[in-house]
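This report concerns only the one structure given below.
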Number of protein chains: 2
Amino acid sequence: MSYQALTERMAGISDVLGAISLLTWDARTQMPPGGAITRGRQIATLTEVAREHLVAIETRRLLDKADAETAGLKPDTIERQSIANIRAALAFHDRVPLDLLRRRANLSSDAHAAWLEARRDADFAAFAPWLERMVDLTRELADAIGGGGTRYDALLDLYEPGMTWPTLQPLMAELRAGLLPLLGDIRNAKAPRSDFLRGHFPVARQREMVRQLAQILGYDLTRGRIDDVIHPFEVAMARDDVRITARYDESWLVPGLVAALHETGHALYEQAVDPALQRGAMTCDLRTLYLVGGPSFGMHEGQSRLFENHVGKSRAFWQAHFGVVQALFPEALAGIDADTFWRGFCAVTPSPIHFGSDEVSHDLHIMVRVDLEHQMIDGDMKVADLPEAWNARMKVDLGIVVPNARDGVLQDVHWPTGQFGTFSNYTIGSMTAAQIFAHAETLPGVSDGLGRGDNAPLLKVLSQGLYRHGRRFSRAEAIARFTGQPDSVQPYLAYLDRKYRNLYAL
Amino acid sequence: MSYQALTERMAGISDVLGAISLLTWDARTQMPPGGAITRGRQIATLTEVAREHLVAIETRRLLDKADAETAGLKPDTIERQSIANIRAALAFHDRVPLDLLRRRANLSSDAHAAWLEARRDADFAAFAPWLERMVDLTRELADAIGGGGTRYDALLDLYEPGMTWPTLQPLMAELRAGLLPLLGDIRNAKAPRSDFLRGHFPVARQREMVRQLAQILGYDLTRGRIDDVIHPFEVAMARDDVRITARYDESWLVPGLVAALHETGHALYEQAVDPALQRGAMTCDLRTLYLVGGPSFGMHEGQSRLFENHVGKSRAFWQAHFGVVQALFPEALAGIDADTFWRGFCAVTPSPIHFGSDEVSHDLHIMVRVDLEHQMIDGDMKVADLPEAWNARMKVDLGIVVPNARDGVLQDVHWPTGQFGTFSNYTIGSMTAAQIFAHAETLPGVSDGLGRGDNAPLLKVLSQGLYRHGRRFSRAEAIARFTGQPDSVQPYLAYLDRKYRNLYAL
């Protein structure tokens with residue numbers, strides 16, 4: 001009875017978080033410009049409402065009673081894991097004062113505005129004072145969170161519970177050691193044709209392409225919708241209302257394609273949560289007060305990367321489905337066959353910009369930023385020294401000469417908005433995707449299905465083995481239960497090596 | 001300082017109500033079907049959050065301090081009126097228990113589902129038990145509200161503060177006495193052509209028509225947007241985000257036209273609230289927990305009726321703007337001139353259905369329902385006797401033989417959802433519109449502007465004299481301050497008599 005009442009209370013928080021999701025989605029896809037200022041306040045107010053609801057005495061009272069009531073259950077039951085999640089969230093909010101979160105939100109808003117101007121002018125010096133203040137405030141946040149490790153560990157844990165720098169750093173080092181020679185070899189090899197990806201691709205037809213590809217992957221449009229946006233994202237209002245967005249470039253097909261595959265991956269994850277968990281502690285990130293289908297940002301990104309790369313950038317997928325895209329753009333893609341299209345779509349094209357980068361460059365970009373922000377938070381990297389360090393590392397790792405700060409250290413929104421410790425989740429996602437996919441391929445029917453372009457058997461084993469659990473198990477636990485293995489970068493490196501040495505005939 | 005803190009607290013409620021507005025708008029315009037069940041819960045949860053925030057001890061503490069702090073100010077200052085509004089809302093919620101509101105919401109949901117089926121089958125008997133329960137529960141609500149008058153008075157006051165049956169009934173009787181002979185004369189006269197309003201009107205062009213007409217009336221699309229919907233409505237997320245919706249019938253131009261004019265009227269009202277009042281007790285209906293630009297449903301409806309009828313159904317408007325519509329539908333409207341179009345659009349065509357009725361029939365429909373529901377709540381009208389009473393009154397007042405219950409007593413959603421006491425606001429709106437318009441016409445520049453199809457001078461005097469005040473003055477006070485007159489039905493009757501005796505050459 002008390003556990004049931006506790007779940008009802010968490011369901012109320014889910015409702016508020018669902019409303020925040022809608023306010024956010026609407027702001028980016030539908031809202032008239034006049035709504036902007038009030039919208040920020042509406043989101044801030046509802047976020048505080050959710051927090052108040054969580055930290056209230058009534059929650060603690062129900063939690064203690066539910067704890068006693070379910071004390072005899074095994075630790076991995078939904079009841080015990082739900083209670084543990086709520087306790088962890090309460091501990092977090094008890095340590096992090098509301099005033100600090102408000103100061104962070106205000107600074108984030110001001111620093112974001114300053115960053116937009118500095119980026120426009122490619123003027124790092126104009127942004128540096130804001131970044132210094134943000135680093136200071138982020139250290140203050142890390143100190144408040146505590147947790148026994150370093151400040152950066154505290155930040156990592158916020159987005160990827162259980163992750164620490166001593167665990168992450170060797171994984172990244174191993175990945176980098178594998179990627180650098182692969183990229184070096186690719187740079188010396190003959191590139192496949194990819195010229196046909198640029199041309200004239202009317203937006204209305206790209207929208208139709210995204211809709212068809214998303215449905216081929218298994219996206220249920222009776223429980224979702226697709227809208228235009230500048231920066232694509234996926235967001236859930238509820239388990240049965242999971243929306244994706246796409247960006248279109250009329251002269252370049254890649255952004256639309258990538259949005260279709262990547263955001264659909266996120267959405268498939270959320271749409272498959274067990275309906276019984278949909279309004280409670282298993283679908284809320286109660287620390288970051290965010291409605292989410294999985295236990296961490298890395299786990300979520302793992303599913304988007306899985307469907308973007310392992311499915312959507314596979315030869316078999318395009319052999320089965322290239323006809324859909326070619327039929328929509330018969331002139332631009334005249335004379336192109338499925339294999340040529342697939343090779344062009346996968347082409348490795350290092351660029352100073354992370355956003356939209358190929359599979360081989362992608363994590364090298366990520367690791368540049370992660371190493372530098374780690375040194376800023378835990379080490380002695382000064383903000384003033386960032387551009388030089390950034391440019392040097394880009395030269396070494398990607399062979400890129402950064403032309404200016406706009407296309408270099410100023411390119412990304414994470415730092416201006418104080419999101420330190422989360423960028424690594426893109427790489428954790430890549431590793432997670434490969435590890436999950438390598439195991440899923442071995443399960444009955446999956447490879448055969450993918451071989452004929454049928455995603456359904458894969459989605460079924462993922463839903464059964466992983467997705468239905470929502471936030472019940474941590475990412476590492478979920479992987480261990482599904483694959484029987486601990487976190488490892490090897491499946492990812494093996495996948496990239498096999499695929500790209502074949503594709504580039506190395 | 002305390003008054004400021006109180007306003008901040010009310011701003012938080014505005015934020016929650018704004019989120020509820022968005023959840024509602026999205027449910028009707030964008031949401032995938034899967035989202036429906038969770039959406040109902042999200043709206044219910046946020047409504048309770050808003051209520052809790054209002055009735056909390058902290059609100060009462062701030063209210064008492066702000067009251068003392070502003071005790072020396074005049075009663076009609078924003079501060080004193082705001083405090084009075086909050087006190088009235090608190091008194092309401094203290095009297096009406098949450099449990100009763102929840103039971104009403106649940107019954108409303110079930111009765112609505114039963115009504116949909118009963119209406120489909122034109123089977124009043126299937127719906128009667130639900131309506132009986134709804135009448136009982138509505139009486140319970142009225143008893144809880146109290147207020148010293150009858151039960152129906154308590155319900156009227158909920159939507160139109162200060163209105164009572166002894167005040168409303170004579171106004172309605174006077175209106176009916178004026179309308180019946182006018183309608184009788186019209187029924188014996190030759191009808192103007194209106195055949196051209198039926199034909200082929202592609203939806204995409206109707207959307208463009210609505211956009212252009214709304215902008216001609218003064219709707220600011222940088223602070224609003226227009227979407228397709230089944231039942232048109234206007235809704236505000238904030239003062240600078242006021243959205244309208246329209247319904248389109250590809251073979252009939254009238255629904256799109258009416259939505260453009262009527263919903264724009266509502267939106268103009270909300271868009272003109274003083275920005276200083278936009279997040280506080282002056283833009284919230286804190287009793288019904290609703291984000292609203294004005295002090296009552298009747299005042300709001302007054303503005304939609306004003307722009308729909310007095311502006312949008314005026315000869316001058318179409319002499320100036322018929323070209324916009326004709327250019328969009330050159331085939332369907334070939335050979336039609338502005339005057340013919342205006343006469344056809346205004347044609348009096350009594351029908352059993354209230355929705356979409358002409359200006360002369362409109363309030364006769366309203367009064368049938370208001371009289372019957374008054375007798376159900378305060379008198380001895382039995383649910384079982386409703387169909388006969390309905391059909392008899394439709395015959396006497398509108399000369400209509402009701403063909404079946406679907407097009408008769410079952411036609412409308414108000415009773416199934418327990419909205420007793422608010423239907424009269426449509427007629428209060430008609431009266432209010434005429435009274436306000438009659439005075440506005442006398443102000444400098446207004447008649448000249450309207451004569452050349454320019455709405456701007458009218459909108460300016462309305463915004464200055466009425467709209468900017470939000471909920472500061474009651475409808476009756478606002479009218480009295482603007483026109484110098486008490487509530488009166490005479491301007492409305494005079495307007496209809498003059499217009500239709502001329503149009504029908506009576």
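Only a predicted model underlies this, so the values are computations on that prediction, with no experimental measurement involved. Chain naming here is simple, since letters A, B, ... match the order of the sequence lines and numbering starts at 1 in each.
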* Under 4.5 Å from any heavy atom of chain A - which part of B:R239 -> neither
* **Residues of residues 31-45 of chain A with any heavy atom under 4.5 Å of a heavy atom in chain B** => A:M31, A:P32, A:P33, A:G34, A:G35, A:T38, A:R39, A:R41, A:Q42, A:T45
* B:T245 and B:A259: which non-hydrogen atoms are nearest, and at how many Å? -> O-CB, 4.0 Å
* To do: Give the minimum heavy-atom separation between B:S82 and B:Y3, together with the two atoms involved.
  => CB-OH, 3.6 Å
* Can any side-chain N or O of B:R104 pair as donor or acceptor with the backbone N or O of B:L100 at less than 3.5 Å? -> no
* Most contacts with chain A, counted as non-hydrogen pairs under 4.5 angstrom, among B:L221, B:L46, B:D15 -> B:D15
* Asked: Counting distance only, does the side-chain N/O of A:H266 pair as donor-acceptor with the main-chain N or O of A:I244 below 3.5 Å?
  -> no
* Examine distances only and state if a side-chain atom of B:T283 and a backbone atom of B:Q278 form a donor-acceptor pair shorter than 3.5 Å. => yes
* If you take all heavy atoms of B:E263 and B:F233, which pair is closest and at what distance? -> OE1-C, 3.4 Å
* Region of B:L23 that comes under 4.5 Å of a non-hydrogen atom in chain A -> both
* Asked: Considering only heavy atoms from C-beta outward, does the side chain of A:I86 approach that of A:L6 to under 4.5 Å?
  -> yes
* Using the salt bridge (charged side-chain N to carboxylate O under 4.0 Å, His left out) rule, take A:R225 and B:D26 through it: C-alpha gap first, then chi angles, then the decisive distance, then the call. => CA-CA 12 Å; A:R225 53 176 286 143; B:D26 180 78; over 6 Å; no
* Structure fact -> Looking only at B:R223, B:E48, B:E52, B:H53, the option with the highest number of non-hydrogen pairs under 4.5 Å against chain A is B:R223
